[in-house]
Each structure stands twice: as structure tokens, then as C-alpha cells.
Amino acid sequence: MNCWNGYVAFHVVPVSPLEGETLELNCRGKYKSQWEREYAFYGKGKKIHSMKSKSHECLYSIKVNDTDDSGWYYCKINRWKSQNVKIQVQERFAKPVLRVEPAAEVFEGLQLVLTCIIKMARPLAQLRYLFYRDSIALEVVPSDGSVFNISAATAIISGNYACETIETIYGLRKRSDYIHISVKQAFAVPKLTVRPEGQLFDGQWVKLVCSVEENLSQASLWYSFYRNGVPFQSLSTHSDYISESARVADSGTYHCVVTDSKVWKRSNQLHLSIRRIPVSKPDLIIQPRKELIEGETGSLVCSVSNGSLPIYYQFYNGSNTELHREFSNSAELVYKIGAISRRDEGLYHCSVRNEATDLPLRSEDIKITVIVPVADAVLISHTNGTEMWAGETLVLRCLVREGTEPQFVWYRDNVPLRNGTASSHVTADGGELVIHSFRRDNVGRYHCAAINKGTNGTIFNVTSDCIGFTLRGPSYSTEIAASLFLVLLFASLIASVCFIHRKRDAGNSSTVSHPSRPQPSGEGPAASNVEYAVVGATYNAENTAADLVYSVVTIKKTTEPCNSIGFSCTGKKDAKTDPSDNSITYATLNFSKPSDEEDRVDGNIYENILRK
């Protein structure tokens, strides 16, 4: 393009160049003189070149690298300026764009793909690409021109990335904008810890824990453990390793490795030193319990809470006699005593030691108590004979052949006796019954039961034989006086009742009857030597006077079985009995109609009188 202002002409070729092409600038003037002139070239308002020459024209070449070189150009000869010429530089290829895949969060272990994308105005002969991280060109040559692959991203490759396109013929270089890439940890670096902390001992429970504080990728993690660089537990999903009983040989340097199948991370190292542990003081227990029933099987169990194996056990009784000794690879040893007898009762202890213990350690003493069940109860009377005088003291003793801490229960006619009544008491040990003043209410058959307790609610009991006691009658003269008194008393009462009845319109008449005596089942007809007489007045609801019933029963003495009240269990007559007393007559007097309670508690009056 030519520009002529009358003095200076400016010519540019080409006016619309492509990036990388060269512009030819020509500045010419019309002068006849041959003196030296100054030529100057301007582009985009700045002087880009100047020279002195006596020639009428001046040529200058300039290379345009990119569209930024577009603008207005002109020249000057001395102070004369040419017209402006506009130069528009055309792009040979556009500025490249860097694309990163994956576009979302990038975790360790994932493949990272960088692609340099360009738009070309026309086909180009050859292009080269470079990739940069933080303005430093990556040394790895991309496999296929515009693509750069990172097979497994790691946190250390985080940074600002860009790509650059190079046109080899014209030497054009264009770099993309920078993109920040942050590679996040899939999971944190594992940390290896040991429990318990501090010094570890032989036989001790040990736990190694390989912990990962963060797992941002939420991927499944696999763990492996190493001792002295050699794996001793292969990959598993368990993050811990437990040794129930660590040994001295387990000492060494430990670490763990964690992986999600793409990223492998190694933990810190731990040095474990395992020493032998002294045995602890033993505990001794008795099985099944401290109190054992004679004949029951018992065992002594000696145990320690810690200590390196093996352990040497010894069992002793209270006299320090050794019962058993044994080496064991267990923290507990059982010694079976067998069937317990009363001679096994007493104190026991055990002792233990191992290689780390200088002297044996002894357990606390423990006592075995043997419970002997009660057996062979015997009732002993301290009174000579079984017929008692009224007011006489009766002392009975209950003995057992054997039995641990027996308790006693007393019975009269198979009914338990209460202790501490007005007429009797039982001694503190329960084994003796004392009747201070024997009377008719105390007549009956006596026996005792011995009881003791076993284990688990077991009760042992035995019962003695029975002894029957009767009440001996008073003297002959006393019987006569008592009989006359009763006859006179009853006659007076009967007369009074009859007098009252005569004054009434409705009354009851006295009756005399001879009832049949009831017989026990299976005993047959009544004996011929038994006589009955009943005298009484019936009761009228309108009468206010109490009924009067008088009955006389005459019973001839004879030999009776053990269950007949009034005779000894042997059926033999007491030596103290008066041989002239062949029969005893009992008189019964009721002043009112018996109640249900009076049927149970005999409140009658009994006296002995002579037989007619």
C-alpha cells in the first residue's frame, strides 16, 4: 500500500498479514538535494525503527507474531510524516484451551487427562505441544500430541496447569490460560498404634491398630501388617491385629500398609519390645462352693491374672502338706480332691512361680467346710419309767449319732411343741425338752426330729422313736375324798336344775343313757371290762342356766400298743404302779355347751376314784 502526502510516501506489503509473516515497510521522499536524511518507522504509535540515508527511500522489514501487532503504521523523513496505514494481523491458529478430565473432584489414584485444544484458521503443517505446572514445563513427553495422561494422581501434583501450542514453521507459540488442579487425598496417611501402651510382657494381650482418620473417596480400604519388613497378616478389611498372648519372639519393628487398590500408603513404624512378665499372686477357689456335703466331689482351682507361661503350680493343705504339683501352659490349674469327707475340712492354699519370678507367690488361705447330714436320732428320758407323778419334772434329750449343727423339733402326739410355755421349755441348743410340772395335759407320745441344712436349699432330717408318758393316780384316800366331793357337788347341781325346770312351762327332762363306745377302725367289738354311764340335762334355748353334763367312764388297765395314750411305748407296766389299782375311773364335767375351740382344747376336769 502506497501513501503519498506530497513529500513522503509510505508503502506496506502485505496489509493483512498472517501471524508469523513479515511486513515490508517502504518510506520514500521527493528531494533533489543529496544531503543526508533521517528515516523513522512507527507502529501502534511507537517508533519501531530509524536510520540515516542520502537515498530517496528506505526499506524496513518486521515480523508480526500475533494479532497484537495489528494497528496503524507510518514513517517520517526528518520532520515530514507520511499518511497512516492500518495493518490487520490475521490469526494463523487460535489460543489453545486446556481441558481437564475428570472435571469434578480429583482424588488420589484416579487417572488425570490434560487435553490442549486449538482452533486453526487454515491447515498447518506441524504443531507441537507443551504442558506446564506452575510455569514449569513437564518433563514427561505426551503420548499423543495434544493429550497428556497422568495414570494415578497424587497429592503432590496439585498446582496451576497450562498447555502451549508451537507452530514449527513460523515458530509461533501460544499458551492457554492456567487452570488450578487440586488432587485430594483419597484417604489420610495411616497411623499405627499399639494397646496397651508402654512396656509389653510375654503372654500379654496386645492389639495393633492401623487407623485412617479421613477417607474422602469413601472407597473400601484394605489393611496389611508387617514385622521387620515381612508381612505377617495379608490384606484384609480389618484395621487391627490382635495377639491374645504375645511372645518374646514377637519383638520387632512394625508398620502397616493401607490401599484402596489404586493408592498404597504406609504408616509410621513402631518398635515393640516384649519382655517376660512375672507371675501375679494366685487366687484359690473351691468348686462347686466352700461348703461341701460329705461325699460330694470337690476341686481346688488356682489361677493367676498374668504371667509368662509355663507356670509351676503347687497345692497345700493347712498343715503345709503338698497335695499336688504341676507345670502348666495355662493361667489356671484344677486339682480334684475327689469325694469329700469330714477329714478334708480345713484350710488350703496354692503357690505359683515362673522364670521371671524369683520366689513362689502364695494365695490366701481358703477354708473347706464339710457338712455332715444328721443321722440316727435317739430320744433319751432322764426320768425312771414312763408313768409320771403330778408335778414331777420330765427331762427328755434328743441325740444324733452325727450331723453338722443339728436343729431339733419336739413333738407330742405328732403335734410340734411350742417353746417357752408356762409348763415347759427347750434348752438353748434345742436338744433338751424340760417339763417342769407334769400334769394331765402333758400325757402323750413324745419324739424328736433332728434337722440340718445342706447346700442349695437341701434339708436333711431324721426322726427318733417315740416314748409315751402317762400320769400316775393319787393315793386311795385321796380318791375317796375326791369322789365323795364330786358326787355331792353333782347332786346339788342336779337338784338346782330340776327345781328351775319345774317352774317353767316348757323345759327339758334329765335323761340317763348308755351309749355305745366308738371303736377304732379294725379293732373289733368293745372290751367287756369297759363300762359307761352318762347323766345330763338337755339344753333349752329359753333357759338361762348352763347345761350340766356328767359322764363316768371306767377303763380297766391293760397292755396297749405304742399309739395308745396313757401307756409307754414298750407296753410294759411301770415299776412304780400300785398293783392294787386295776382300773381308773375318769370323771368329766362340762358347765356349758362345748364350742369348736373347746373341742380342740380339752378343758375337762379329770380325777382318779376307786372302782366300786
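These values consider heavy atoms only, across backbone and side chains, with no hydrogens, waters or symmetry-generated copies. What you see is a predicted model, and the numbers here were worked out from it, not measured in a lab.
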Nearest 0.5 Å, please: how far is [atom2] in [Y] from [atom1] in [X]?
| X | Y | atom1 | atom2 | answer |
| --- | --- | --- | --- | --- |
| Arg412 | Cys466 | CZ | SG | 13.5 Å |
| Leu114 | Ile150 | CG | CD1 | 5.0 Å |
| Trp205 | Ile242 | CH2 | CD1 | 5.5 Å |
| Ile368 | Leu292 | CD1 | CG | 6.0 Å |
| Ser243 | Gln204 | OG | CD | 10.0 Å |
| Ile87 | Asp69 | CD1 | CG | 10.5 Å |

Distance under 6.0 Å and angle within 45° of the ring axis: does [X] meet both against [Y]?
| X | Y | answer |
| --- | --- | --- |
| Arg275 | Phe201 | no |
| Lys86 | Tyr73 | no |
| Lys265 | Phe187 | yes |

Would you check if [X] and [Y] make a side-chain contact, meaning some heavy-atom pair closer than 4.5 Å?
| X | Y | answer |
| --- | --- | --- |
| Ser61 | Leu59 | no |
| Leu172 | Thr165 | no |
| Tyr446 | Leu417 | yes |
| Asn354 | Leu309 | no |
| Arg99 | Glu101 | yes |
| Val100 | Leu112 | yes |
| Asn160 | Arg133 | no |
| Arg289 | Glu296 | yes |

Testing the 3.5 Å rule here: is there a donor-acceptor pair between the side chains of [X] and [Y]?
| X | Y | value |
| --- | --- | --- |
| Ser305 | Ser280 | yes |
| Asn215 | Ser217 | yes |
| Tyr129 | Glu164 | no |
| Ser319 | Thr321 | yes |

Determine whether Tyr254 and Phe232 satisfy the following criterion, ring-ring contact (aromatic ring centres under 6.0 Å, His included), listing intermediate values before the conclusion. CA-CA 10 Å; Tyr254 289 76; Phe232 61 90; 5.5 Å; yes
Give me the ring orientation class for [X] and [Y]: parallel if the planes are under 30° apart, tilted from 30 to 60°, perpendicular past 60°.
| X | Y | result |
| --- | --- | --- |
| His324 | Phe315 | tilted |
| Phe327 | Tyr312 | tilted |
| Phe225 | Tyr241 | tilted |

For [X], does the [atom1] atom sit with more than 12 other heavy atoms under 6.0 Å from it, leaving out its own atoms?
| X | atom1 | value |
| --- | --- | --- |
| Gln407 | CD | no |
| Lys63 | NZ | yes |
| Glu214 | CD | no |
| Gln218 | CD | yes |
| Ile459 | CD1 | yes |
| Glu332 | CD | yes |

Between [X] and [Y], is there a donor-acceptor pair closer than 3.5 Å when you use the side chain of the first and the backbone of the second?
| X | Y | value |
| --- | --- | --- |
| Asp283 | Ser303 | no |
| Ser464 | His447 | no |
| Asn149 | Ser151 | no |

Please name all residues satisfying side chain to side chain contact (heavy atoms under 4.5 Å, CB included) with Glu322, sequence neighbours left out, ordered by chain then number. Gln314, Tyr316, Arg325
Salt-bridge test for [X] and [Y]: reply yes if a basic N is under 4.0 Å from a carboxylate O, no otherwise.
| X | Y | value |
| --- | --- | --- |
| Asp429 | Arg397 | yes |
| Lys174 | Glu19 | yes |
| Glu105 | Lys184 | yes |
| Lys95 | Asp177 | yes |
| Arg276 | Glu355 | yes |
| Arg343 | Glu345 | no |

Just do the salt bridge (Lys or Arg N to Asp or Glu O under 4.0 Å) check on Glu402 and Arg342 with the steps written out, would you? CA-CA 11 Å; Glu402 61 183 9; Arg342 63 196 70 187; 2.8 Å; yes
Test side chain to side chain donor-acceptor pair (under 3.5 Å) applied to Ser135 and Tyr178, step by step: CA-CA 9 Å; Ser135 300; Tyr178 279 91; 3.2 Å; yes
Given Phe10 and Tyr74, is the ring-ring contact (aromatic ring centres under 6.0 Å, His included) satisfied, shown in steps? CA-CA 7 Å; Phe10 182 57; Tyr74 62 91; 7.6 Å; no
List the steps and the verdict of salt bridge (Lys or Arg N to Asp or Glu O under 4.0 Å) for Glu167 and Arg128. CA-CA 7 Å; Glu167 199 278 331; Arg128 285 195 310 113; over 6 Å; no
